[in-house]
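Any value given below was found using the heavy atoms of this structure, including those in side chains, with hydrogens, waters and symmetry copies removed.
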Amino acid sequence: MFGRLGAPEIILILVVIILLFGAKKLPDMARSLGKSARILKSEAKAMKDENKSAAPADPPATGEPAGSQRTIQAAPGDVTSSRPVTEPTDTTKR
C-alpha cells in the first residue's frame with residue numbers, strides 16, 4: 001500500500017506544503033531549520049569533546065573557578081545568539 005514514492009507523489013506533496021504554508025514563509029522556515037540543525041550539531045560535538053577530555057573521577061581541569069561562566073556559541077560566526085551559561089556544580093560521587 002505505502003510502497004515507493006514516485007515523482008508525481010513527491011510533486012503533489014510539495015504542492016500541498018506550498019499551499020499550506022505559503023511560498024513566502026518557506027525560505028524562512030528552511031533557514032530556521034538549518035540554524036537549528038547547526039546548533040544541535042555544535043552542541044552534540046561540544047558534549048562529545050567534553051566527555052573525551054574529562055576524566056571519569058576528576059572534574060575538568062580548565063583553570064577556571066567553579067562558579068565562572070562560559071559562553072556557548074550557537075554556530076561558527078553567529079555572535080548574535082551566543083549566551084553566557086553558568087556551569088552546574090556536580091557534587092555527587094560516581
>> The test is salt bridge (charged side-chain N to carboxylate O under 4.0 Å, His left out); show your working for Asp28 and Arg31 and say whether it passes.
In response: CA-CA 5 Å; Asp28 293 332; Arg31 193 174 300 115; 2.8 Å; yes
> Under a 4.5 Å cut-off applied to non-hydrogen side-chain atoms, are Met29 and Leu33 in contact?
Replying inline: no
>> Quick check on side chain to side chain contact (heavy atoms under 4.5 Å, CB included): which of Ile10, Leu12, Ile11, Val16 does Leu14 satisfy it with?
In response: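 It is Ile10; the other options fail the test.
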>> Using 0.5 Å steps for rounding, measure from the CE atom of Met47 to the CD atom of Glu43.
In response: 8.5 Å
>> Restricting to non-hydrogen atoms, name the atom on Ser42 and the atom on Ile39 that form the minimum distance, rounded to 0.1 Å.
In response: OG-O, 3.0 Å
